[in-house]
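The structure appears below as structure tokens.
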Amino acid sequence: LYTFYDIYIKTIKKGTRPNTHFDKTGWKFMVIAFEEQADHALTKAQLKNKWDDIKRYLRIWKKLISKTKNCIEVINCTHVCACVSIENQISFIGIKGVPIQKVMVACSFDMQFMFV
């Protein structure tokens with residue numbers, strides 16, 4: 001994720017985002033730079049999907065932070081084991097072969113979940 005952010009910021013500084021989106025040169029730079037830095041090739045569509053996911057998580061995170069003024073801890077995108085019915089397990093299987101779910105939570109000073 002840090003690699004993605006770093007490349008994204010460098011691309012913006014190159015002036016390849018005339019409005020709110022990258023132009024063709026910007027996306028080409030993103031694809032090449034990501035492959036060089038991460039040793040993993042992704043297409044423009046895959047990078048754009050990643051950015052759209054990040055924006056969605058940032059919106060959720062901002063909403064979470066604004067609602068958690070009296071919280072002691074905020075946990076962002078932690079993987080936890082999930083109890084899922086057999087017919088739905090395939091879509092929840094993680095790298096280690098067990099069902100998982102990403103969660104964002106906030107904990108109060110009473111050690112109770114305020115937001116999940």
Side-chain angles (χ1 to χ4, degrees):
L1 192 57
Y2 293 113
T3 302
F4 184 85
Y5 282 141
D6 184 48
I7 295 167
Y8 191 83
I9 291 167
K10 285 179 186 175
T11 308
I12 290 172
K13 287 182 179 178
K14 287 177 73 74
T16 59
R17 194 174 85 161
N19 296 313
T20 58
H21 298 80
F22 290 134
D23 57 15
K24 288 182 181 180
T25 309
W27 281 114
K28 186 175 180 180
F29 177 80
M30 285 282 292
V31 169
I32 292 169
F34 190 83
E35 184 174 0
E36 288 173 356
Q37 288 187 24
D39 292 328
H40 185 71
L42 294 178
T43 65
K44 172 188 168 184
Q46 290 171 315
L47 288 170
K48 186 174 181 331
N49 286 340
K50 182 68 172 171
W51 177 244
D52 290 343
D53 282 346
I54 290 170
K55 286 192 301 186
R56 185 170 50 90
Y57 284 124
L58 286 175
R59 274 189 232 109
I60 293 169
W61 184 250
K62 286 179 184 177
K63 182 179 176 182
L64 172 66
I65 293 301
S66 69
K67 291 183 177 184
T68 56
K69 293 179 180 147
N70 296 320
C71 75
I72 191 169
E73 185 69 39
V74 176
I75 302 170
N76 182 19
C77 292
T78 298
H79 290 95
V80 296
C81 291
C83 294
V84 184
S85 64
I86 300 285
E87 59 270 2
N88 293 326
Q89 271 192 358
I90 291 177
S91 59
F92 288 87
I93 299 296
I95 295 172
K96 296 182 180 178
V98 296
I100 59 167
Q101 177 72 43
K102 273 188 187 178
V103 296
M104 298 173 77
V105 299
C107 220
S108 72
F109 288 103
D110 298 331
M111 301 307 283
Q112 296 178 357
F113 291 121
M114 299 171 60
F115 180 89
V116 178

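Keep in mind that the numbers below use all heavy atoms, side chains included, and drop hydrogens, waters and symmetry copies.
Atom CE of M30 is separated from atom CD of Q46 by 12.5 Å, given to the nearest 0.5 angstrom. Atoms CZ and NZ, on F22 and K48 in that order, are 11.0 Å from each other to the nearest 0.5 Å. Interatomic distance, CG of D52 versus CZ of R56, reported as 9.5 Å (0.5 Å rounding). Rounded to the nearest 0.5 angstrom, Q37 CD and I7 CD1 are separated by 4.0 Å. Remark: L42 CG to E35 CD distance equals 9.0 Å, nearest 0.5 Å.
If you chain together hydrophobic residues whose side chains sit under 4.5 Å apart, I12 and F34 fall into the same group. In the hydrophobic clustering of ILVMFWY residues, with side-chain heavy atoms under 4.5 Å counting as a link, V31 and I54 come out together.
W51 is not listed as a side-chain neighbour of H21, based on a closest heavy-atom distance of 4.5 Å or more.
Using a distance-only test at 3.5 Å, with no hydrogens or angles considered, a donor-acceptor pair links the side chain of T16 to the main chain of T11.
No more than 12 heavy-atom neighbours from other residues, nucleotides or ligands sit within 6.0 angstrom of NZ on K24.
For the pair K50 and F4, the NZ or CZ position fails the cation-pi test of under 6.0 Å to the six-membered ring centre and within 45 degrees of the ring normal.
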